[in-house]
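Just below is one structure, and these are the notes that go with it.
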Amino acid sequence: MEITILPLPGESKKSGNMDESALGFGKIFTDRMLLVEWKSDRGWFDARIKPYEPFVLDPSCLVFHYAQEIFEGLKAYKWSDGTITLFRPEMNARRFNLSADRLCMPRIPEEFFVESIMQLVKMEKDWIPTAEGTSLYIRPAMIAVEPVLGVKSSDHFYYFVILSPVGAYYASGFNPVKILVEDRYVRATPGGTGEAKTGGNYASSLIAGVEAKKKGFHQVLWLDGVHHRYVEEVGAMNMFFAYEDCVVTAPLAGSILNGVTRDSVICLADSLGFRVEERPIEINQLLSDIKEGKVKEAFGSGTAAVITPVGILGYKGESLTIGDGGVGRLTRKLYDTLTGIQYGRIPDTFGWLRKIV
Ligand SMILES: *Cc1c(COP(=O)(O)O)cnc(C)c1O
């Protein structure tokens with residue numbers, strides 16, 4: 001698919017050097033975006049890199065009413081020598097199409113998904129921050145734009161990619177978070193959309209997060225939707241528990257998101273000599289293992305924060321400290337190794353990086 005390049009209307013929005021310590025997450029966007037359309041009678045058409053600007057959409061568009069939407073999240077990293085890389089973008093492409101299948105949306109050629117992002121990032125490379133831990137967050141998404149209120153799969157979609165320079169997630173230090181095990185609301189059930197990266201999963205999860213914050217927790221750990229007994233995942237992260245010689249995470253059984261970071265952690269933990277078990281994690285067994293000191297470390301994995309140490313788990317009014325409540329050795333090692341590979345400080349022996357320049 002040919003991509004047409006449309007000119008910017010004026011100067012770049014970027015004025016001189018950004019204050020890289022004040023970027024935050026997803027608050028500012030670069031000058032350009034990618035937009036491609038799909039119609040049922042034409043397939044994909046009109047791929048263009050154009051100025052970043054608001055969409056003009058009919059209020060009746062299907063996405064506003066029935067949430068036919070999917071998204072992805074990945075990052076571009078700029079090394080100290082100017083090299084720019086993506087981390088395993090072909091996995092995002094594959095997952096995007098699995099989400100598309102589930103939401104009755106058209107597949108996008110995976111090569112095009114990766115190549116078009118590389119082209120867009122290259123054009124916007126001056127926006128990639130360089131301070132420790134900063135990066136360019138890439139947000140591909142697809143929305144249903146057919147203007148009709150009847151419930152159906154849309155005949156018209158926008159696929160688009162926007163870019164946001166983001167700050168270091170741990171600007172104030174790599175500190176453990178407090179997680180509340182949610183025993184009332186559920187995020188996903190077998191046969192549902194838990195495995196798809198779709199906005200609806202987040203909309204229905206917000207209330208649990210709001211209630212957890214009121215109780216002093218940062219995020220929610222979801223249990224399975226049928227028994228409310230098996231640990232699934234946290235907000236936008238997969239969850240790991242480290243024992244003496246093994247690392248445990250929930251299996252990909254259809255209701256949790258298949259994280260790129262999750263897969264990378266599994267490869268790394270294995271290479272560090274840990275046995276990795278993907279198996280159901282029963283909450284009461286987990287709590288007694290924590291109480292007996294068998295669970296040494298717990299952490300979440302996801303693109304935004306890479307690795308998030310978990311210090312405290314709350315469940316039914318009780319708060320349990322994991323290990324000594326600090327950042328464990330494996331947690332730190334995984335964080336240092338993953339970010340080391342992403343920023344070119346550690347050799348990419350797994351072949352995970354795609355070099356843009
Ligand atoms: C995106 C996401 C993750 C993490 O996936 P990564 O590919 O590692 O960023 C985990 N859980 C949910 C629900 C997500 O949406």
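The residues of the chain are indexed from 1 along the displayed sequence. Start at 1 and go down the list; that is how both ligands and their atoms are numbered. Reckoned from all heavy atoms, side chains included, excluding hydrogens, waters and symmetry mates.
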inquiry  = Which heavy atom of A76 sits nearest to which heavy atom of I138, and what is that distance?
reply    = N-CD1, 3.8 Å

Carboxylate-amine/guanidinium contact K296 E244, below 4.0 Å = yes

inquiry  = If I compare all heavy atoms of D19 with all of S21, which pair ends up nearest, and what's the gap?
reply    = OD1-OG, 2.7 Å

key: Nearest non-hydrogen partners of P89 and F113, listed with the distance   = O-CE2, 4.1 Å

key: Aromatic ring proximity F160/F55, centre distance under 6.0 Å   = yes

query = Within 45° of the six-membered ring axis of F45 and under 6.0 Å from that ring's centre, is NZ or CZ of R42 located there?
reply = yes

note = Within the heavy-atom cut-off of under 4.0 Å, ligand 1 is lined by R95, R187, K197, Y202, E233, G235, A236, M237, N238, L257, G259, V260, T261, G302, T303

